[in-house]
S.K.: 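Pasting a structure here, questions to come.
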Amino acid sequence: MLQVVLQKALAGASATGTTLKVLGEAGVIRPHGPVALARAAKVLKDWGTGPAGGFTAAALLDPRRTALVDELGSLTFAELQRRSNALARALAELGVAEGDSVAVMCRNHRGFVEATIATAKLGADVLYLNTAFAGPQLVEVLERDRPTVVVHDEEFTRLLAKAHVGTSVLAWTDPATDPATDPGTGDPTLESLIAGRSTDDLEPPGRHGRIVILTSGTTGTPKGAPRSEAGIDAAVSLLSRMPLRYGWRTHIAAPLFHTWGFAHLALAMLLGSTIVLRRRFEPEACLRVTQEERCDSLVVIPVMLQRMMALPEETLAAYDLSRVKVVASSGSALPGDLATDWMDHFGENLYNIYGSTEVAYASVATPVDLREAPSAAGKPPYATIVKILDPDGRELPPGETGRIFVGNGLLFEGYTGGGHKEVVDGLMSTGDVGRFDEDGRLHVEGRDDEMIVSGGENVFPKEVEDCLMRHDAVVEVAAIGVDDPDFGKRLRAFVVVSREVPEKELKELVKENLARFKVPRDIVFLDELPRNATGKVLKRDLDTE
């Protein structure tokens, strides 16, 4: 019963039968001494269920369990607790107070995690900056959100110099850099701030900080999408369709500043996971780390799967991922036959999650779903409603395409710079269009602003992209609408190939499988597609002339 009390404290809500079943199967509800449970419940009440309370509770219940492994070594939950306490004190001395914000521009390493926890312990918001930001984007975001402190890796110093940054702290420095300060700027390092402060526990703030994740910025300046603590329901929603378990070792290859990477950092608080981090993704290195670190799960974005599957067959065969039970992918659609290709090589362990920064999780495709419909986005998880609506807000039946709207307890609160997503009867737009099939699986057909009308027919780029991806020489593809004298609009396809392929051959492939008006007007061959750090193609950077 004490375990249930703890879970209620985590949720701030009633423990339903489904919640208890999911948490029980995941190993979250497990025996602990009554004193430890009571202390953990008080921590969660005082500090909340975000990074401050979640990691503090984990340190109470499993202090010696390894929490994090990166290039610098490992940290237990107890060590993470002490180091974040010291860093919180240092940030307070730098002027961070309740209601302020701290921007974090770091790759995947302990500094990202420690800065997140320490900021939360002060009741301040954490603003995650995309590590692939261009200078103008970075300037606009920092001018709009005005963080009190920016914590960043040394490699981004020059980029940040273009923005008006009050106080900077270096999170990751090159080996030649002084361990206390950057000789070029005099900025302190995280290690120097941690080393000089008390590691004792702090008093909880009067306000729980928020996590502000930026939209992808594929169509303009990234918007800040703040989200308050979601409680246990967020985890139950995901765990109801994806069998993660307590105590697993998880390689988070997806960027931590992205919704998907952060989701698994948050899950680590509940599941007592050991998170394995590497600063940069390299296809073969990802396979090697997953194997050598004995990981039970791997968190990726689809382009990472693409790059791993593009490795030579003998390279793929050299790695044994039989220990991996879950490969969790999200961030964009799985193109072509990528899902089945991965599972043919590494087993039935792939789960694809559809959602957005604004609505979080909308649907989850299991290995069974992906075998039967490789491009499907799956089915809504527990406590999530997904509806397909027409332009007038009426629900459409299975098989008919319309706008995708989602309802759950994870919807964001509105952009930091003002504005909101469209909401209809409590359901929020994802900005995508799609349909349900007769088996209840969601199929996402593209962005609602990418649809073109060609010869009087609606055409979505994704269908053509998926068709072209099935050619054995096509590595990547993106399609956009361009003017056409005969059809009004046609698609132009941009492809990356592994060998020379005639344009005519690719057009014939589309013609054989799709309607004539869906055949691209022309095909442009590129060395690579422009992408942001979360793997999304920047279609605005493709030539439309």
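Note that the structure is predicted; figures quoted are calculated from it, not measured.
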S.K.: Run through Asp344, Asp341, Asp337 and flag the one making a salt bridge (Lys or Arg N to Asp or Glu O under 4.0 Å) with Arg371.
M.R.: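 Only one option passes, and that is Asp344.
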
S.K.: Just so I know, are the side chains of Leu316 and Trp342 near enough to count as touching, which here means a heavy-atom distance under 4.5 Å?
M.R.: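 A side-chain contact is absent here, since even the closest heavy-atom pair is not under 4.5 Å.
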
S.K.: How about Leu159 and Leu138: do any of their side-chain heavy atoms sit closer than 4.5 Å?
M.R.: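 Counting from C-beta outward, Leu159 and Leu138 do come under 4.5 Å.
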
S.K.: Are the side chains of Val69 and Thr274 in touch, meaning some heavy atoms are under 4.5 Å apart?
M.R.: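 Heavy-atom side-chain distance check passes, below 4.5 Å.
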
S.K.: Please check if the side chain of Arg249 supplies one atom and the backbone of Glu293 the other of a donor-acceptor pair under 3.5 Å.
M.R.: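 It does hold such a pair.
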
S.K.: With sequence neighbours excluded, what pairs up with Arg245 under the side-chain hydrogen bond (donor to acceptor under 3.5 Å, both in side chains) test?
M.R.: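 Applying side-chain hydrogen bond (donor to acceptor under 3.5 Å, both in side chains) to Arg245 gives none.
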
S.K.: Would you mind telling me which of Gln306, Arg307, Arg531 makes a side chain to side chain donor-acceptor pair (under 3.5 Å) with Glu476?
M.R.: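 Among Gln306, Arg307, Arg531, the one meeting side chain to side chain donor-acceptor pair (under 3.5 Å) with Glu476 is Arg531.
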
S.K.: Pairing donors with acceptors under 3.5 angstrom, does anything connect the side chains of Ser297 and Thr250?
M.R.: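 Per modelled atom types, Ser297 and Thr250 side chains form a pair under 3.5 Å.
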
S.K.: For Glu512, is the CD atom crowded, meaning more than 12 foreign heavy atoms sit under 6.0 Å from it?
M.R.: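 Yes, because the 6.0 Å sphere around CD of Glu512 holds more than 12 heavy atoms from other groups.
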
S.K.: Does Ala377 offer a backbone N or O that forms a donor-acceptor pair with the side chain of Asn352 under 3.5 Å?
M.R.: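 Checking the backbone N and O of Ala377 against the side chain of Asn352, no donor-acceptor pair under 3.5 Å is found.
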
S.K.: Would you confirm whether the ring centroid of Phe494 sits within less than 6.0 angstrom of the ring centroid of Phe525?
M.R.: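 Ring centres of Phe494 and Phe525 not closer than 6.0 Å.
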
S.K.: Evaluate the criterion side chain to side chain contact (heavy atoms under 4.5 Å, CB included) for residue pair Ile388 and Glu400; output intermediate values, then yes/no.
M.R.: CA-CA 8 Å; Ile388 308 298; Glu400 291 195 26; over 6 Å; no

S.K.: When you measure from the side chain of Gln291 to the backbone of Asp320, do you find a donor-acceptor pair of N or O atoms at a distance under 3.5 Å?
M.R.: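 Yes, because the side chain of Gln291 sits within donor-acceptor range (under 3.5 Å) of the backbone of Asp320.
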
S.K.: Using the test side-chain hydrogen bond (donor to acceptor under 3.5 Å, both in side chains), find all partners of Arg158 that sit at least two apart in sequence or belong to another chain.
M.R.: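 Arg158 satisfies side-chain hydrogen bond (donor to acceptor under 3.5 Å, both in side chains) with no residue once adjacent residues are dropped.
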
S.K.: May I ask you to test the Phe257-Phe262 pair for a side-chain heavy-atom distance under 4.5 Å?
M.R.: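 When only atoms from C-beta onward are counted, Phe262 and Phe257 do not touch, as no gap falls below 4.5 Å.
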
S.K.: Is there a donor-acceptor pair closer than 3.5 Å between any side-chain N or O of Ser273 and the backbone N or O of Ile275?
M.R.: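 Such a contact is absent between Ser273 side chain and Ile275 backbone.
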
S.K.: What do the steps show when you test Tyr354 against Tyr361 for ring pair (Phe, Tyr, Trp, His ring centres under 6.0 Å), and what is the final call?
M.R.: CA-CA 6 Å; Tyr354 165 68; Tyr361 326 124; over 10 Å; no

S.K.: Mark yes when over 12 heavy atoms from residues, nucleotides or ligands other than Lys387 sit less than 6.0 Å from its NZ; otherwise mark no.
M.R.: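 12 or below, so no.
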
S.K.: Assess, by modelled atom type and distance only, whether the side chains of Asp153 and His109 contain a donor and an acceptor separated by less than 3.5 Å.
M.R.: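 Yes, because at least one side-chain N or O of Asp153 sits under 3.5 Å from a partner of the opposite role on His109.
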
S.K.: Working to the nearest 0.5 angstrom, can you tell me the gap between Thr157 OG1 and Met105 CE?
M.R.: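 The distance works out to 10.0 Å.
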
S.K.: Less than 3.5 Å apart, which donor and acceptor atoms pair up between the side chains of residues 283-290 and the rest of the protein, not counting sequence neighbours?
M.R.:
unit_1	atom_1	unit_2	atom_2	d
Glu284	OE2	Tyr319	OH	2.6
Thr290	OG1	Cys286	O	2.7

S.K.: State whether Asp466 and Arg470 are salt-bridged, where the test is any N-O pair (Lys NZ or Arg NE/NH1/NH2 against Asp/Glu carboxylate O) under 4.0 Å.
M.R.: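 Judged by the 4.0 Å cut-off on N to carboxylate O distance, Asp466 and Arg470 do not form a salt bridge.
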
S.K.: Within the side chain of Asp437, is there an N or O that forms a donor-acceptor pair under 3.5 Å with the backbone of Pro398?
M.R.: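 Looks like no, no N/O pair under 3.5 Å.
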
S.K.: When you look at CD of Glu500, are more than 12 heavy atoms from neighbouring residues, nucleotides or ligands closer to it than 6.0 Å?
M.R.: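 No, the 6.0 Å shell around CD holds no more than 12 heavy atoms from other groups.
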
